[in-house]
Structures are given as C-alpha cells and as structure tokens.
Protein chains: 2
Amino acid sequence: MSQTDTIGRILDAAEVLFAERGFTETSLRTITSTAGVNLAAVNYHFGSKKELIQAVFERFLTPFTASLAGELDRREAAGQRLTVEELLESLYRVGLGSLAAEGRDPQRFMRLLGLAYSQSQGHLRRFIVSRYGDSYHRFAGLLERALPHLDPVSFYWRLYFMLGATVFTLSSFDAIEAILREDFGAQSSLPETLDRLVPAAAAMLKVNAEG
Amino acid sequence: MSQTDTIGRILDAAEVLFAERGFTETSLRTITSTAGVNLAAVNYHFGSKKELIQAVFERFLTPFTASLAGELDRREAAGQRLTVEELLESLYRVGLGSLAAEGRDPQRFMRLLGLAYSQSQGHLRRFIVSRYGDSYHRFAGLLERALPHLDPVSFYWRLYFMLGATVFTLSSFDAIEAILREDFGAQSSLPETLDRLVPAAAAMLKVNAEG
DNA sequence: CAACAATTAAAACAGTTGTTTAGTGCAAGG
DNA sequence: CCTTGCACTAAACAACTGTTTTAATTGTTG
C-alpha cells in the first residue's frame, strides 16, 4: 500500500525474532526473509543492525511512555498524592493497554525489555536512557514521594528490586505460566498475574527496613 | 604444573568473558587467546562450545548447591521449621561464601545466572534443570512450608517475583552501585545489599494477597 | 631407551555474519 | 521526453564463526 511498507514489515519481523532469540542470535537474513524483503533493505532504511534494534525499541517505547505520561497527568490532576499501588497500577495497566490497543503483544515487549537489560550491548542502553530517561525519572520521583519513610539509597535499591521482579517475571511469563499450568492445572492470564504482582511489589517497596 | 592446566585456564577465561559479554558475543578465539592456549584446545578438552558453557556453570553450581544443601541440613537438624528470612539468608550467604571462599567473584556468577536465564539457548537451561533441579525443589519446598497461608499457585508466582528481584539486581550489582555512588556518594557493598534484599524479598513473599 | 598415548600446535575447512557496490525499475517534475 | 531522485534488488565483499584435520610435541610406561 504505502511506499514504505518495507520498513513496517522489517520492524514487525525483527520485533518478533529479537524477542524470541535475542539480538546477536537473529541474523539480518532471517529477518529479511521472514519479512519477505531484500537483505539490503535493512541497511538501506535503517543504516545498520544496531539502528534497526533501536528502531524496534523506539516503536513501542514512544507510545508507551506517552501513555504513561498521560495517565500520570490525569492522576496527578485529581489532586491527592499518588499511592504506591496506584503508581504500579498505572505502570502495568498502561503498558498493557497502550500496546495491546495497537494489536501487538505486550509480553513480547516485556521480553524485549528483559533482553535490553541483560543483552544490552551498550548502544541500546545509551539509546534508551537518552530517549526515555525523563519518563523513568518522573515515575521514580513520584514513587519516591509515595514512600517518604525511605532514605534515597534504600529507595533506589527497592526500586531496582521491584523492576527486577517485574521485568524478570513478565519477560518469561509464557514459560512460567506453562510450568504452573502443567503442575497445578491452573491457567494464569497476564492481567491476573499483574493483580498478583501489584500487592507483592507494593509490600516489598513499603516494608520497613528493620523487620 | 598439572598436565591439564589448560582446562583451568580456559574455564577461567571463559567465565570472565561470558559474564562480561554473553555467550554468542564471546568467540572461542577470544577465549583461547586470553587464556594463552591454542584455539583447538577447547574442542579437544570440552568437545564443543556448548559443552564449554555447561562446564563453566558446573564448576560453580556444584559447590554452590553442595554448600546450600549442607547449610539446609544444619538448619533443619536444629529442629524448628525454618523461617522465610532464614531461608533467604541461607541462600544468599551460602552463595556468597562458598564461591568467595575459592577466591572467585560472586557477582560474576550472578551475571552468569542472569545470562543463563535470559540468553538460554535451550541446552543450558536443560543442563541446569537436570543437574540442579533437586536442589532448587528442596529450597522451594522449604520456602513453601514457611508460607503456609499461600496457595500453591500464589506461592510459585511469588517465588518467581523473588528470584527476579534477586537475579536481576545482583547480576547488575556493579552498574547499580555505580549509579548510586555517583548520585548519592554512598558506597554499597554486596553484603550490605543482601541485608537490604532479605527483608524486602521476605515482605514480598509474606504479604497477604488482598492488601 | 623405545613405544605408546595424551596433549598441543598450525592450518585449513565450510559456513555465516553485517555491510557495500552496482545497477534496475519507476514515478514525479521540468 | 528526458531527467532527477527514490525504493528496491542481486551479487559480491571481507571478516569472522565453530570445528576438523594433520602434524609436532610432550609425558608416561614397559
């Protein structure tokens, strides 16, 4: 249809394949052949494989952070200070909603985020921080204000604990869900799992250090 | 000295390089040249790159699980049921101690565990499960008994949340520590961080679902 | 010391990687 | 009608991958 349908096809294929196998384990030839485009199209449209990886992240992080900003605006406008649970709810539901609304798979983005964290070849982490650092800091600041009893260092360690639990769990949601279904015959949906995660993460953030 | 000093040199180099860059990002030539051995030595002594990766994990997981088993034996022999905090303490301190005792870097193994999780090419996950699944299930069983108010499915999700917070945070301990030192001038040691992690993770495990 | 096996070494192997080059087709503008 | 620019393609590039082969060198044992 449009003259640059090729770009979209490449991004679609790369997004899926990167999430399944990782970045270095996915060759440009695999991407271009599943996308049904020529090999050289990646370098033509994106410049390099690195820039393709960044473009994949940009395509889902930009609407995600935009939706999150809107949600935080709305909640802040309501007046009272946001609670930990409200902030986590915002983060999770917006992540789910803004991406699912475009008909894309939220779990795939969680896997990509997990990969970005662990496989990060430097360039990707720098790209994400420079592009979306502000969104991160706004959320972290609001969360810190919701936890006034914590000193800054304690708060940031707790924040990383929470991010670890979130990214780690959701990035392998499919695998964990399959294990639990096999062992207990209990199906878990992603929203249900977020219902479990919100109170657990909130408890971890709020507990007094001296237990 | 010994006739197969080569094996140790290869394992040492592979351990460091894998932890720094990941598996596919580390070539056999990089490993053998930093180890000061011939390229073919890897295939001669280990068979393939996959088996080398498994050997690296075996070398630190075997003493780790053995120490953990001993620690759990000791604590169980003492009689009363183990608490969540005691179990987490055992896990963390033993992991720290058994590896540091051999003069090796505990954080490196956390990074490897994180990689095993996210970069797992299948063979590694199968290897770890078949070799160390029993240790994992014993620990999980004891932890579940320490949390009798949780139904099995809830418990296992919480377990994954806890593992996520642990692996994620400790596997990038150096990076997080550097950020906090820059922003707050506060140095954090690994033991201090575990002191922060134990109560936080325990709170996440213990909280009642309906908050 | 001779003979055998274990280990190390150099070199080549076949395959894959990301990227570049040169050229094709096509549509819009002068 | 010709040209300019854009999207796309096939082919080749050089570099790198894990692995194997063949030969040289050890170390050990009869």
Side-chain angles (χ1 to χ4, degrees), chain A residues 1-59 112 115-116 119-124 126-127, chain B residues 1-59 112 115-116 119-124 126-127:
Chain A
M1 183 117 298
S2 92
Q3 70 277 25
T4 46
D5 185 43
T6 303
I7 293 178
R9 299 171 62 96
I10 292 174
L11 285 172
D12 287 341
E15 183 179 291
V16 172
L17 292 167
F18 284 154
E20 281 176 358
R21 327 180 177 182
F23 306 123
T24 50
E25 293 85 355
T26 304
S27 71
L28 291 182
R29 281 168 181 80
T30 312
I31 294 172
T32 51
S33 69
T34 61
V37 304
N38 188 270
L39 167 65
V42 169
N43 291 282
Y44 176 76
H45 286 290
F46 297 94
S48 66
K49 188 180 181 182
K50 284 185 181 182
E51 288 165 292
L52 169 62
I53 295 174
Q54 296 175 0
V56 167
F57 277 82
E58 185 174 21
R59 191 170 63 146
L112 287 173
L115 287 178
Q119 265 195 319
S120 193
Q121 297 116 316
H123 75 94
L124 182 55
R126 266 177 271 126
F127 171 79
Chain B
M1 181 123 295
S2 90
Q3 70 277 26
T4 46
D5 184 42
T6 304
I7 294 179
R9 298 170 63 95
I10 292 174
L11 286 173
D12 287 341
E15 182 178 293
V16 172
L17 291 167
F18 284 154
E20 280 177 359
R21 326 180 179 184
F23 306 123
T24 50
E25 293 86 353
T26 304
S27 72
L28 292 182
R29 281 167 179 82
T30 314
I31 293 172
T32 52
S33 69
T34 60
V37 303
N38 187 271
L39 166 64
V42 169
N43 291 282
Y44 176 77
H45 286 289
F46 297 93
S48 67
K49 187 181 181 181
K50 284 186 181 181
E51 290 165 290
L52 169 63
I53 295 174
Q54 296 174 0
V56 167
F57 277 82
E58 186 174 21
R59 191 170 65 147
L112 287 173
L115 287 178
Q119 262 195 319
S120 194
Q121 297 117 317
H123 75 94
L124 182 55
R126 266 177 272 126
F127 171 80

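Side chains included, hydrogens not; waters and symmetry mates left out as well; all remaining heavy atoms used. Protein chains get the first letters and strands the later ones, always in sequence-line order, with residue 1 at the start of each.
- The residue Thr26(A) sits close only to the backbone: its heavy atoms come under 4.0 Å of sugar-phosphate atoms, none of a base.
- Between His45(A) and the phosphate of dC6(D), there is no side-chain N or O to OP1/OP2 separation shorter than 4.0 Å.
- Dashed line: the shortest gap from a side-chain N or O of Ser27(A) to OP1 or OP2 of dT17(C) is under 4.0 Å.
- Separating the CZ atom of Arg29(B) from the C1' atom of dA15(D) is a distance of 11 Å, rounded to the nearest angstrom.
- A sub-4.0 Å separation between OP1 or OP2 of dT8(C) and a side-chain N or O of Thr6(B) is present.
- Within the 3.5 Å criterion, the main-chain N or O of Ser48(B) finds a donor-acceptor partner in the side chain of Glu51(B).
- No contact: Thr30(A) has no heavy atom under 4.0 Å from any strand.
- Between the CG atom of Leu28(B) and the P atom of dA15(D) there is a distance of 21 Å, given to the nearest Å.
- Residue Asn38(A) places at least one side-chain N or O under 4.0 Å from the OP1 or OP2 atom of dA10(D).
- In this structure, CD1 of Ile10(A) is placed 12 Å from P of dA7(D), rounded to the nearest angstrom.
- For the pair Leu17(B) CG and dT17(D) C1', the interatomic distance rounds to 16 Å; values are reported in whole Å.
- Between the CG atom of Leu52(A) and the P atom of dT17(C) there is a distance of 15 Å, given to the nearest Å.
- Which of dT19(D), dT20(C), dA7(D) sits closest to the side chain of Tyr44(A) comes down to dA7(D).
- Straight-line distance from the CG atom of Leu39(B) to the C1' atom of dG18(D): 8 Å, rounded to whole Å.
- One atom, CG of Asn43(A), and another, C1' of dA22(C), lie 15 Å apart when rounded to the nearest Å.
- Atom CD1 in Ile31(B) sits about 12 Å away from atom C1' in dT17(D), given to the nearest Å.
- Each of dT19(C), dG18(D), dT8(C) was ranked by its minimum atom distance to the side chain of Lys49(B); first place goes to dG18(D).
- The structure places OG1 of Thr24(A) at 6.5 Å from NZ of Lys49(A), a figure rounded to the nearest 0.5 Å.
- Taking the side chain as every heavy atom from C-beta outward, Glu58(B) and Phe127(B) approach each other to under 4.5 Å.
- Although no hydrogens or angles enter the test, the distance criterion places no donor-acceptor pair under 3.5 Å between the side chain of Thr30(B) and the main chain of Thr26(B).
- Among the atoms of the strands shown, none is found under 4.0 Å from any heavy atom of Ala41(B).
- Within the 4.5 Å cutoff, the side chain of Asn38(A) has no heavy atoms near those of the Thr32(A) side chain.
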